[in-house]
Amino acid sequence: MKVKIDIDDLYENTSITIQTNEWTDELEQLVSFIKKEKPKRLFGVEEDQTIVLDPETIDYIYAEKRKVYAALENGRRLEVKMKLFEVENLLGNSCFTRFSKSVIGNVNRIQRFELSFNGNLCVYFSSGNKEYITRKYVASVKEKLTSGGPANDI
C-alpha cells in the first residue's frame, strides 16, 4: 500500500481518496479508523464532586453491587453514573473492549498478561492494576491487541 500526502495552501479542507482494484479487509479497517470519533469523556463521582474523566487514563470500567466504577491509573476508583452497557456503547469504537460480563477494559493500557489454568487471562495494566478476561472474551481481546488498536494505527 502506498500513502501519498500533499500539503498545499490551495486546499481548504482535508480530503482522502483511496484508489484500488478491490475492496479488502485492510481497506475496511482503514475506513473505519478514519471515520472513528475520539472517545467521549465520562463523569466520575468522588464524595460530592463530579470529575471529568479522560478515557485514556482509565484502565478498566467494572460493575459491582449494581454500581459502575472506573479504575484509574493512579489506583483511584470513581463511580460512573451510567450503566455498563451505556459506557460500552459510548467507548466501544475506541480502545475499550469487553473483558467479562462485568468489565470493560482499555487495551492500550495493558502492559502484560498471563494465561490461567482455566483459560482466563490475567491482565496487568501499566498502572499496576490487574483484571481478568474470561474465556469467552479472550479471542476478541487478542484480536484487538494484535490489530494494534487506535493508538498504534497508521
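- Here the closest non-hydrogen pair linking F125 and D59 is CE2-O, 3.3 Å.
- Contact annotation: the side chain of V141 never approaches that of V123 to less than 4.5 Å [non-hydrogen atoms, C-beta and beyond].
- For the pair S127/R109, a side-chain contact is recorded, criterion being any heavy-atom separation below 4.5 Å from C-beta on.
- Environment of CZ in F113: sparse, with no more than 12 heavy atoms of neighbouring residues, nucleotides or ligands closer than 6.0 Å.
- Side-chain contact between T97 and Y137 is absent, with no heavy-atom pair separated by less than 4.5 Å.
- Looking at heavy atoms from C-beta onward, I58 lies in side-chain contact with L72 at the 4.5 angstrom threshold.
- No continuous path of ILVMFWY side-chain contacts below 4.5 Å connects I16 to Y11, so the two sit in separate hydrophobic clusters.
- For the pair R77 and N129, the minimum side-chain heavy-atom distance is below 4.5 Å.
- Contact of the W23 side chain with the E28 side chain is registered, since non-hydrogen atoms from C-beta on lie closer than 4.5 Å.
- For OH of Y124, the number of neighbouring non-hydrogen atoms (other residues, nucleotides, ligands) closer than 6.0 Å is greater than 12.
- The distance from atom CG of D48 to atom CD of E46, rounded to the nearest 0.5 Å, is 10.5 Å.
- When atom types are taken as modelled, the side chain of R135 and the backbone of V138 share no donor-acceptor pair closer than 3.5 angstrom.
- Other residues, nucleotides and ligands contribute at most 12 non-hydrogen atoms within 6.0 Å of the CD atom of Q49.
- At least one side-chain heavy atom of L78 sits less than 4.5 Å from a side-chain heavy atom of L53.
- Among all heavy-atom pairs drawn from T20 and L27, the shortest one is CG2-CD1, 3.5 Å.
- Within 6.0 Å of the CG atom in D25, the count of heavy atoms belonging to other residues, nucleotides or ligands does not exceed 12.
- Ring pair F99/Y62: centre-to-centre distance not below 6.0 Å.
- Here K81 pairs with E79 under the side chain to side chain donor-acceptor pair (under 3.5 Å) rule; sequence neighbours left out.
- Under the 4.5 Å side-chain heavy-atom criterion for grouping Ile, Leu, Val, Met, Phe, Trp and Tyr, V52 is not connected to Y69 through any hydrophobic cluster.
- In the hydrophobic cluster analysis, where Ile, Leu, Val, Met, Phe, Trp and Tyr join through side-chain heavy atoms closer than 4.5 angstrom, F96 is grouped together with M82.
- For K83 against E86, the heavy-atom pair with the smallest separation is N-OE1, 2.9 Å.
- Put simply, the side chain of I51 does not reach to within 4.5 Å of the side chain of F43, judged on heavy atoms.
- Other residues, nucleotides and ligands place more than 12 heavy atoms under 6.0 Å from the CG atom of D8.
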